[in-house]
Amino acid sequence: MKVLVVGATGAVGSAVAQVLAERGHEVVRAGRTRGDLKVDITSDASVEALYAAVGRVDAIVSAAGGLFFGPVTEMTPANFNVGLQDKLLGQVRLALLGQRVLHDGGSITLTTGVAAEDPVRGGSNAAAVNAAVEGFVRGAAIELPRGLRINAVSPTLLTESSAAYGALFPGVETVPAARAALAYVRSIEGPLTGRVFRVWQ
Ligand SMILES: NC(=O)c1ccc[n+]([C@@H]2O[C@H](COP(=O)([O-])OP(=O)(O)OC[C@H]3O[C@@H](n4cnc5c(N)ncnc54)[C@H](OP(=O)(O)O)[C@@H]3O)[C@@H](O)[C@H]2O)c1
């Protein structure tokens, strides 16, 4: 399969790109500043340009999307809007514009995270945005035509990201990125749609 991975230079996306390449897929790597192709998921024009450049694909993976972390007692609406514009609408944009470039039977896999269901201090934006992405996936799955599928992968904190984000997730057991990447394989190669594949415990 030809698979577009957006966020392919990141902790999650690089592991996904690696396992897909190992399984014989043709992987097109996209990132904001690095990769085979550059894209900004917060821009319709940039995402349209990405799809025009990549052509038809069998699967689209999003492993990108920024969030705001900070205490809810000090959070401003502008702070909250960071996650809405980046991780929520950015991924929804990839799905809405990307459905047109998918071959029949193709798939879209978005990324959420454990904070949707297991709150952490400072994580209210993450909780809301991840849950909204999961709601979009469930809603969109029942409407997509041509056998197209859409799922989300919800990883817990990656072992590789402990140094960067471990303080936000005290006592949370991490998983290796390679394990999280298998959930994306399941979404791409398997038959399921409208699912959230949780990668924890
Ligand atoms: N790491 C974890 O432990 C973990 C756990 C659960 C969920 N997640 C979720 O997984 C996703 C990826 O996290 P990560 O830790 O892998 O992040 P990361 O290491 O910072 O990588 C982010 C990737 O997305 C790209 N990117 C960032 N902003 C973009 C934009 N506006 N348009 C297009 N591409 C953009 C980056 O490209 P550049 O490098 O060029 O900027 C990079 O390839 C996030 O939504 C995060 O919430 C992560």
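In this text, all values refer to a predicted model and were calculated from it rather than measured experimentally. Throughout, numbering of the chain's residues begins at 1 and tracks the sequence. Atoms within a ligand are numbered from 1 in the order they appear, just like the ligands themselves.
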Among all protein heavy atoms, pick the one closest to [atom] and tell me residue, atom and distance.
| atom | value |
| --- | --- |
| atom 12 (C) of ligand 1 | A63 O, 3.2 Å |
| atom 37 (O) of ligand 1 | R32 N, 3.2 Å |
| atom 25 (C) of ligand 1 | G7 CA, 3.8 Å |
| atom 6 (C) of ligand 1 | P155 O, 3.3 Å |
| atom 38 (P) of ligand 1 | T33 OG1, 3.6 Å |

Seminar exercise, completed: In this structure, CD of Q99 is separated from CD1 of I108 (nearest 0.5 Å) by 6.5 Å

To which of [options] does the heavy atom nearest [atom] belong?
| atom | options | answer |
| --- | --- | --- |
| atom 44 (C) of ligand 1 | S43, S162, S14, G65 | G65 |
| atom 15 (O) of ligand 1 | A11, G35, G90, G66 | A11 |
| atom 22 (C) of ligand 1 | A116, G10, A8, A126 | G10 |

Taking both backbone and side-chain atoms of [X], is any N or O found less than 3.5 Å from an N or O belonging to ligand 1?
| X | value |
| --- | --- |
| V39 | yes |
| T111 | no |
| L158 | yes |
| K87 | yes |
| L67 | no |
| G31 | no |

By number and element, which atoms of ligand 1 are closer than 4.0 Å to a non-hydrogen atom of [X]?
| X | value |
| --- | --- |
| D40 | 30 (C), 31 (N), 32 (N) |
| L157 | 3 (O) |
| R34 | 39 (O), 40 (O) |
| I41 | 30 (C), 31 (N), 32 (N), 33 (C) |
| V12 | 10 (O), 16 (O), 48 (C) |
| T9 | 37 (O), 38 (P), 39 (O), 42 (C), 43 (O) |

Inspect the surroundings of [atom1] in [X] and state if more than 12 heavy atoms from other residues, nucleotides or ligands are less than 6.0 Å away.
| X | atom1 | answer |
| --- | --- | --- |
| R195 | CZ | no |
| F80 | CZ | yes |
| R121 | CZ | no |

Are the side chain of [X] and the backbone N or O of [Y] linked by a donor-acceptor pair below 3.5 Å?
| X | Y | answer |
| --- | --- | --- |
| Q91 | T111 | yes |
| T193 | I150 | yes |
| D36 | R29 | yes |
| R149 | G190 | yes |
| K87 | V82 | no |

[X]: which of [options] passes side-chain contact (heavy atoms from CB on, under 4.5 Å):
| X | options | result |
| --- | --- | --- |
| F169 | V120, T174, D118 | V120 |
| L94 | L4, I41, V61 | I41 |
| S154 | V199, V196, V133 | V196 |

Exercise. Heavy atom of T156 under 4.0 Å from ligand 1?
Worked result: yes

Exercise. Which is it for S161 and ligand 1 at heavy atoms under 4.0 Å: side chain, backbone, both or neither?
Worked result: side chain

Seminar exercise, completed: Within the 4.0 Å heavy-atom cut-off, what T112 brings close to ligand 1 is backbone

Exercise. Looking at side-chain heavy atoms only, is the closest gap between I60 and Y51 below 4.5 Å?
Worked result: yes

Exercise. What is the minimum heavy-atom distance between L20 and V3, and which atoms define it?
Worked result: CD1-CG1, 3.8 Å

Exercise. Does the protein put a heavy atom under 4.0 Å from atom 20 (O) of ligand 1?
Worked result: no

